Amino acid sequence: MLRRPTRPAPRSGPMTVVTRFAPSPTGSLHIGGARTALFNLLYARHAGGRFLLRIEDTDRERSTAAAVQAIFDGLNWLGVTPDAEPVFQHTRAERHREVVMQLLARGRAYRDYMTVEELEAERERARAEGRAIRSVWRDRTAEPGDNRPHVIRFKGPLQGETVVQDLVKGPVVFRNIELDDLVLLRSDGAPTYNLAVVVDDHDMGVTHVIRGDDHLNNAARQSLIYQALDWPVPAFAHIPLIHGPDGAKLSKRHGAQAVSEFADMGYLPEAMRNYLARLGWGHGDDELFTDEQAIAWFDVADVVKAPARLDWAKLNFVNQQYIRAADDDRLAGMALKVHRDRGVLITRSGEARLRAAVPIVKEGAQTILQLGDLTLFTLKERPVGVDEKTAQLLTEETRARLDRLRIRLAEAADWTPPALEAELRAFAESEGVGLGKIGPALRGCLSGGAPAPDLAGTLTALGRDESLGRLADALSPVG
RNA sequence: GGGCCCUUCGUCUAUCGGUUAGGACACCAGAUUUUCAUUCUGGGAAGAGCGGUUCGACUCCGCUAGGGCCUGCCA
């Protein structure tokens, strides 16, 4: 037995891999769904195949246009975009019905006239007896002309077993008697999910069905439908769900579950891709890697079987690494947006100062929201004022000292971090004190109490005029 | 109730019958230090339990426990 099959049952001819992400548009794009989409994308790319998107909106009642848009937006933001136009399942209802008729003609489906009450009673009996439900209509044909409402059910085999060769779980065996005859067509003529997936996956040429763990049981019944139609059964890979930090199903109380929320919290899409790829999958000791590496290394067969928990601390760490590597202009643009959303006044000069500060402060930011916090000091307009802590530090002695520093800095030849660093040290030495006597107060005067980088960095980001101006404001008797 | 899946440090993972069970995040201690942060060094931390197979099990099998999924004319 192959413990870890890396490819599906052999078929004739060369096969290009086709994967697909098939969400139902009943809400926002969930983080778990996003990862499923990512895995599908990575696997397709890895195999040189194609990645498709299908919106599973057979249930028109519960599907909304807003949810469809949320899925598009989420995938787009994450950078997980399909290789072809998305397929809307509801548009294929005719084809689905056509296949059901084929099944009927082949004797692999039957019309079931059970009323909801009868069904309910049968369900209770079946549960009590510990078996799958069975319709009396399975072996009975209605009188010709019987126009009562009815559903069409799949006629599953009563003997034997069906084995799902799952790429991540290994072979999973189901006894056919345990599998109930699922509804193919509802009484209103609408196709159901289990039928629609099979037909659409087949028609779209999907070779690898990579989806959530919760579909593992369906895989057996779907396999039966493929077989009844004489269609090749695709390879299945059921990946575990993502849980919250406490191991319970991910929910609102864990902070977020929609990818749009992660975007709003200041996570970079490339960081999310990296983190998500590492959740439930690993490649040796590699933690940080490029999309190209992920594609080169990824294989569904290596996906971990157990559910993983979302770890905010690690996500933050990964995001921080990507922020450090990110382009400064891009980061500045994002930081500016954060400030705009927070209602912070942004002047032309303030924006310039912020842009100058980004490369200096970005290493300490774990999220773009934090990058906002760290750049706030640049946007303050004079006089910026001083916080209480700084005010206490501004004794007569310190004020006088800072004023001497101000004069000295005004004449500094070189306004760059290393030069300013040296200047500050030299000044402290000439004053006969340690930098600790000057630094905190100077920082307070320059930043107005907001977080700021090291002094040389702060001075550089602010620029000479602004720095000296802020210092003068703070030292002036009225200020 | 029935069927199915899962179980290595707190978390994410490596290991594929023979390792001092490795790495990362987090945590703790120390160093550096002009706040926070960064950086550097060091540290503690794991195979759910019980049986079996084997010369040898984290790795294979079984049972138990715990967690999860499905059991819809939802997807």
Side-chain angles (χ1 to χ4, degrees), chain A residues 3-4 22-26 56-59 61-63 89 112 114 116 119 123 126-133 149-153 164 166 168-170 172-175 177-180 182-188 190 192-194 196-197 212-221 238 240-241 243 245 247-249 275 278-288 304-318 320 324 361 363-366 370 373-374 389-390 421 424-425 428 434-444 447 449 451-456 458:
Chain A
R3 182 155 165 260
R4 253 184 186 163
S24 58
T26 52
E56 308 247 323
D57 52 0
T58 48
D59 187 341
E61 296 292 305
R62 306 204 316 173
S63 303
Q89 193 161 62
D112 178 8
M114 269 203 288
V116 282
L119 213 205
R123 210 191 302 288
R127 195 184 174 95
E129 293 168 27
R131 60 173 173 80
I133 69 158
H150 63 278
V151 299
I152 296 181
R153 286 184 184 273
V164 174
D166 196 274
V168 349
K169 308 280 187 184
V172 181
V173 182
F174 295 86
R175 287 187 303 155
I177 191 70
E178 304 281 357
L179 306 173
D180 55 12
L182 40 81
V183 172
L184 267 19
L185 222 53
R186 296 182 251 234
S187 53
D188 65 357
T192 61
Y193 163 77
N194 276 299
V197 238
D213 222 341
D214 48 339
H215 289 284
L216 182 55
N217 293 286
N218 287 330
R221 296 187 286 191
H238 289 93
L241 275 15
H243 288 174
K249 203 167 169 178
Y275 177 73
R278 276 289 287 112
L279 250 199
W281 173 76
H283 182 265
D285 287 343
D286 297 299
E287 296 289 345
L288 267 12
V304 174
K305 297 167 153 191
R309 303 181 185 199
L310 183 67
D311 182 3
W312 291 95
K314 188 147 187 178
L315 205 210
N316 284 339
F317 168 79
V318 172
Q320 180 170 28
R324 289 181 186 180
V361 305
E363 77 165 16
Q366 293 196 307
Q370 283 181 20
D373 298 340
L374 296 175
K389 207 170 123 197
T390 305
E421 177 80 40
L424 286 169
R425 292 194 182 285
L435 261 178
K437 280 286 185 195
I438 305 166
L442 175 58
R443 177 196 307 286
S447 70
D454 61 81
L455 292 172
T458 301

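Predicted, not measured: the structure shown is a model, and the values here were computed from it.
- Note on A:Arg153: a side-chain N or O is less than 4.0 Å away from OP1 or OP2 of B:rC73.
- Pairing each heavy atom of A:His238 with each of A:Lys169, the nearest pair is O-CE, 3.5 Å.
- More than 12 heavy atoms of other residues, nucleotides or ligands sit less than 6.0 Å from atom CZ of A:Arg131.
- Between the C1' atoms of B:rC70 and B:rC58, the separation comes to 30 Å (whole Å).
- Applying the 3.5 Å distance criterion, the base of B:rG2 shares no donor-acceptor pair with the side chain of A:Glu129.
- What separates CG of A:Leu288 from C1' of B:rG23 is a distance of 13 Å, to the nearest Å.
- A:Asp112 comes within 4.0 angstrom of nothing in the nucleic acid, heavy atoms only.
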N/O-N/O pairs, protein side and nucleotides 39-44 of chain B side, under 3.5 Å:
{"residue": "B:rU39", "atom": "OP1", "partner": "A:Arg324", "partner atom": "NH1", "Å": "3.3"}

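- Within 4.0 Å of A:Val151, counting heavy atoms only, lies at least one base atom of the nucleic acid.
- For A:Arg278 (side chain) and A:Trp281 (main-chain N/O), a donor-acceptor pair under 3.5 Å exists by modelled atom type.
- Nucleotide B:rG66 forms a Watson-Crick or G-U wobble pair with B:rC6, both donor-acceptor distances falling under 3.5 Å.
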Distances for protein N/O vs nucleotides 3-5 of chain B N/O pairs under 3.5 angstrom?
{"residue": "B:rG3", "atom": "N2", "partner": "A:Asn217", "partner atom": "OD1", "Å": "3.2"}
{"residue": "B:rG3", "atom": "N2", "partner": "A:Asn217", "partner atom": "ND2", "Å": "3.1"}
{"residue": "B:rC5", "atom": "O2'", "partner": "A:Lys169", "partner atom": "NZ", "Å": "2.7"}

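- Across all strands shown, B:rG1 forms a Watson-Crick or G-U wobble pair with B:rU71, both key distances being under 3.5 Å.
- Of all nucleotides present, none satisfies the Watson-Crick or G-U wobble test against B:rU15 with each distance under 3.5 Å.
- Taking the P atoms as reference points, B:rA46 lies 30 Å from B:rC5, given to the whole Å.
- Between B:rA48 and B:rC36, the distance separating the two P atoms is 41 Å to the nearest Å.
- Counting to the nearest Å, the P atom of B:rC27 and the CZ atom of A:Phe317 are 12 Å from each other.
- Annotation: side chain of A:Tyr193 is in contact with side chain of A:His215 (closest heavy-atom distance under 4.5 Å).
- Here the shortest heavy-atom pairing between A:Leu185 and A:Val183 reads O-CG1, 3.5 Å.
- Among the protein residues, A:His238 comes within range of no part of the nucleic acid, since none of its heavy atoms lies under 4.0 Å from any strand.
- Among the atoms of the strands shown, none is found under 4.0 Å from any heavy atom of A:Thr26.
- The residue A:Arg131 sits apart from the nucleic acid: no heavy atom pair falls under 4.0 Å.
- Proximity of A:Asn194 to A:Asn218: side-chain heavy atoms (C-beta onward) are separated by under 4.5 Å at one or more points.
- No side-chain heavy atom of A:Val151 sits less than 4.5 Å from a side-chain heavy atom of A:Thr192.
- Put simply, NE2 on A:His215 is 18 Å from C1' on B:rC6, counting in whole angstrom units.
- A 4.5 Å side-chain heavy-atom check between A:Asn316 and A:Tyr275 finds every atom pair outside the cut-off.
- Rounded to the nearest Å, the gap between the P atom of B:rC61 and that of B:rG22 is 25 Å.
- Remark: the backbone N or O of A:Glu363 is paired with a side-chain donor or acceptor of A:Gln320 at under 3.5 angstrom.
- For the P atoms, the distance linking B:rU20 with B:rU38 amounts to 36 Å, nearest Å.
- In this structure B:rG44 sits in no base pair that meets the Watson-Crick or G-U test at under 3.5 Å.
- Side-chain contact between A:His150 and A:Asp112 is absent, with no heavy atoms from C-beta onward closer than 4.5 Å.
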Polar atom pairs (N or O), protein with nucleotides 32-35 of chain B, under 3.5 Å:
{"residue": "B:rU34", "atom": "O2'", "partner": "A:Arg443", "partner atom": "NH2", "Å": "3.2"}
{"residue": "B:rU34", "atom": "O2", "partner": "A:Arg443", "partner atom": "NH2", "Å": "3.0"}
{"residue": "B:rU34", "atom": "O2", "partner": "A:Leu455", "partner atom": "N", "Å": "3.4"}
{"residue": "B:rU34", "atom": "O4", "partner": "A:Glu421", "partner atom": "OE1", "Å": "3.1"}
{"residue": "B:rU34", "atom": "O4", "partner": "A:Glu421", "partner atom": "OE2", "Å": "2.6"}
{"residue": "B:rU35", "atom": "N3", "partner": "A:Arg443", "partner atom": "NH1", "Å": "3.3"}
{"residue": "B:rU35", "atom": "N3", "partner": "A:Ala452", "partner atom": "O", "Å": "3.3"}
{"residue": "B:rU35", "atom": "O4", "partner": "A:Arg443", "partner atom": "NH1", "Å": "2.5"}
{"residue": "B:rU35", "atom": "O4", "partner": "A:Arg443", "partner atom": "NH2", "Å": "3.2"}
{"residue": "B:rU35", "atom": "O4", "partner": "A:Ala452", "partner atom": "O", "Å": "2.6"}
{"residue": "B:rU35", "atom": "O4", "partner": "A:Pro453", "partner atom": "O", "Å": "3.0"}

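- Regarding A:Glu287, its CD atom lies at a distance of 16 Å from the P atom of B:rG22, rounded to whole Å.
- The pairing partner recorded for B:rU35 is none, the criterion being a Watson-Crick or G-U wobble arrangement whose two distances lie under 3.5 angstrom.
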key: Working for salt bridge (Lys or Arg N to Asp or Glu O under 4.0 Å), residues A:Asp180 and A:Arg153   = CA-CA 9 Å; A:Asp180 55 12; A:Arg153 286 184 184 273; over 6 Å; no
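- Taking atom C1' on both nucleotides, B:rU13 is separated from B:rC28 by 22 Å, rounded to a whole Å.
- Separating the CZ atom of A:Arg309 from the P atom of B:rC6 is a distance of 17 Å, rounded to the nearest angstrom.
- The side chain of A:Arg127 lies closest to B:rU71, out of B:rU71, B:rU38, B:rC25.
- Residue A:Thr458 comes nearest to A:Ala452 through the heavy atom pair OG1-CB, 3.6 Å, listed as atom of the first residue, atom of the second, then distance.
- Residues A:Gly434 and A:Ala428 approach most closely at C-CB, 4.3 Å, considering heavy atoms.
- The side chain of A:Lys314 lies closest to B:rC12 when the candidates are B:rA75, B:rA26, B:rC12.
- Closest contact between the side chain of A:Pro307 and the listed nucleotides B:rC6, B:rA75, B:rU13 involves B:rC6.
- Atoms OH (A:Tyr193) and C1' (B:rU71) sit 15 Å apart, rounded to a whole Å.
- Not one N or O on the side chain of A:Arg324 forms a donor-acceptor pair closer than 3.5 Å with the backbone of A:Ala365.
- With distances taken from any side-chain atom of A:Arg221 to the nucleotides B:rC73, B:rU71, B:rC69, the minimum falls on B:rU71.
- Going from atom OH of A:Tyr275 over to atom C1' of B:rU13 covers 11 Å, rounded to whole Å.
- Distance check on atom P: B:rA21 versus B:rC25 gives 22 Å, rounded to whole Å.
- For B:rU53, there is no paired base (Watson-Crick or G-U wobble, both distances below 3.5 Å).
- The phosphate of B:rC73 has OP1 or OP2 within less than 4.0 Å of a side-chain N or O from A:Arg123.
- Among the heavy atoms of the strands lying under 4.0 Å from A:Val304 are primed sugar atoms or P, OP1, OP2 only; no base atom is included.
- Positionally, the nearest nucleotide of RNA chain B for A:Gln366 lies more toward the 5' end than for the other of A:Gln320 and A:Gln366.
- The two residues A:Leu455 and A:Gly439 make their nearest non-hydrogen contact at CD1-CA, 3.5 Å.
- Residue-to-nucleotide contacts include no donor-acceptor pair under 3.5 Å from the side chain of A:Thr192 to the base of B:rC73.
- Counting to the nearest Å, the P atom of B:rU13 and the NE2 atom of A:His243 are 12 Å from each other.
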